[in-house]
Peer 1: 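Here it is, the structure, as structure tokens.
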Amino acid sequence: MKTADRLTKIPPYLFMELRKKIAKARAEGVDVISLAIGDPVEPTPAGIVKELANRAKDPENHRYPTDEEKGMLRFRQEVALWYHARYGVSLNPENEVLGLIGSKEGCHHFILARINPGDAVLMTDPGYPAYRASILMGGGEPYNMAIRPENGYLPVFEDIPPQVLKKARGMFLNYPNNPTGACATREFFDRVVAFARKHDIAVCFDNPYSEMIFPGQERLSFLMAEGAKEVGVELNSLSKPYNMTGWRIGMACGNPDLIAAISKVKENTDSGIFNPVQYAAIYALKHEDEAVDHMVAVYARRRALVLKTLKKSGLTSIRPGEPSTCGSPSPRG
Ligand SMILES: Cc1ncc(COP(=O)(O)O)c(C=O)c1O
């Protein structure tokens, strides 16, 4: 069977390749510690699982999801409350919040909602591999913005050639960053807003690690920047903070036109998120702050162990995200 030409441009999905390599090594008896995809091994907190189980018993919830592609209003209201409590950001649940089947889905639908064939889309290099695939599937042209330690792993917009800027209509950003762990600053967000405004670039700020910050750091959302809602959307997710990677639930928040456009893509492709999963997510956002703090403490301990081991092995390591280093060159240890 001949399949679509568009797929030939897309490299094999990195994490699938890594998964195969890990499976092969395990089959050969190697004791592998996987540092591949960020998939918590700890279970989802029990209260969230219980809420899902209870809601799954109600036949009303076995039907197509309420408000289908948008996500139920109660979920969107809870997201708005969470954004206000965590980041001081005000969102209208009616038109500035949309439920997603994870942040990855939002990246893809952002492209379909905004990008025309031949438009350039800016993304960081290194970066999360799903961005490139989504851009290519949507007919866009990915442009890599190198991120380097000397710039705090932030892109330098002045380095982008004018011919790329002319056709750039979208940009993916992601801080706390996968894979570098670098964090951004409010000052950087202001620069992003000014740059996006000047060049008519829609920003997709992919922020699934917003809660994964270490002591002394500020919890940041791109939507905290003045004017952010004019230029883009932020994607977030319950996957990482609540150990819910398999549940597939997240949210897009921000620019109402983009939210409406992504919603239009969704209403023609999926029928939303299983209601019990949405109820469980409402429960998580409302009641599980302590579970997030616990996981962050676990990650901080693991990071300290990795840094110590790297040092002992004579390898240079960089400590991203320390208060003095966010958005500026990081110290080597
Ligand atoms: C930067 C980044 N964005 C998005 C995702 C996907 O998150 P979700 O599970 O919400 O689709 C990941 C997962 O590893 C990620 O690292």
Side-chain angles (χ1 to χ4, degrees), residues 13-19 22 34-44 48 69 71 75 79 82-83 97-112 121-135 137 142 144-145 147 153-155 170-184 192 203-213 220-222 232-254 262 265-266 269-270 272-274 277-278 280-281 284-285 288 292 295-296 299 303 320-321:
Y13 193 56
L14 175 74
F15 296 115
M16 289 302 156
E17 295 298 295
L18 288 175
R19 196 178 286 174
I22 290 167
S34 171
L35 300 176
I37 201 161
D39 197 356
V41 288
E42 291 74 13
T44 306
I48 303 174
E69 80 293 339
F75 171 67
V79 168
W82 188 81
Y83 257 86
V97 181
L98 180 69
L100 293 175
I101 307 171
S103 162
K104 187 178 182 185
E105 187 242 67
C107 297
H108 190 74
H109 286 159
F110 164 77
I111 292 295
L112 297 184
V121 182
L122 314 176
M123 48 179 254
T124 58
D125 179 21
Y128 180 54
Y131 305 145
R132 171 177 295 275
S134 292
I135 297 166
M137 278 194 260
N144 286 336
M145 303 181 289
I147 53 173
Y153 294 98
L154 299 175
M171 172 163 67
F172 282 112
L173 290 170
N174 156 236
Y175 293 93
N177 180 258
N178 175 9
T180 65
C183 299
V192 172
V203 177
C204 181
F205 197 92
D206 182 27
N207 207 2
Y209 301 103
S210 60
E211 297 293 307
M212 305 291 140
I213 50 151
L220 288 176
S221 156
F222 173 59
V233 287
E234 175 162 296
L235 311 182
N236 214 314
S237 169
L238 280 88
S239 286
K240 316 290 171 155
Y242 301 100
N243 298 344
M244 289 174 72
T245 44
W247 299 56
R248 312 311 304 134
I249 183 157
M251 53 277 207
C253 304
I262 297 172
V265 174
K266 282 176 66 60
T269 44
D270 67 70
I273 308 152
F274 187 39
V277 171
Q278 297 193 57
L285 296 173
E288 292 291 357
V292 178
M295 280 316 300
V296 170
Y299 293 135
R303 183 176 81 150

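Residue numbers run from 1 in the order of the sequence given. When a ligand or atom number is given, it counts from 1 through the structure's own listing order. When reading the values below, keep in mind they use all heavy atoms of this one structure, side chains included, and skip hydrogens, waters and symmetry mates. The structure displayed is predicted, hence computed values, not measured ones.
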Peer 1: Mind checking what makes side chain to side chain contact (heavy atoms under 4.5 Å, CB included) contact with L112, not counting sequence neighbours?
Peer 2: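 Result, side chain to side chain contact (heavy atoms under 4.5 Å, CB included) vs L112: H108, H109, V265.
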
Peer 1: Mind checking whether Y299 and P40 have side chains closer than 4.5 Å, heavy atoms only?
Peer 2: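 The answer is yes, as the side chains (C-beta and beyond) meet within the 4.5 Å cut-off.
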
Peer 1: Suppose we screen for side chain to side chain contact (heavy atoms under 4.5 Å, CB included). Which residues come up paired with T44, at least two apart in sequence or across chains?
Peer 2: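 T44 satisfies side chain to side chain contact (heavy atoms under 4.5 Å, CB included) with I48, V49, M244, W247 once adjacent residues are dropped.
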
Peer 1: Under a 4.0 Å threshold between the charged nitrogen and the carboxylate oxygen, would R248 count as salt-bridged to E105?
Peer 2: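 Looking at R248 together with E105, the answer is no, because their closest N to O distance does not fall below 4.0 Å.
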
Peer 1: Please identify each residue that fulfils side chain to side chain contact (heavy atoms under 4.5 Å, CB included) with A281, with sequence neighbours left out.
Peer 2: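 Applying side chain to side chain contact (heavy atoms under 4.5 Å, CB included) to A281 gives F75, L238, I249.
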
Peer 1: Would a 4.5 Å heavy-atom cut-off, applied to side chains only, mark F205 and M171 as touching?
Peer 2: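 Sidechains of M171 and F205: no contact.
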
Peer 1: List, ordered by chain and residue number, the protein residues whose closest non-hydrogen atom lies under 4.0 Å from any atom of ligand 1.
Peer 2: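 Residues G102, S103, K104, Y128, Y131, N174, N178, D206, P208, Y209, S237, S239, K240, R248 each place a heavy atom under 4.0 Å from ligand 1, listed by chain and number.
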
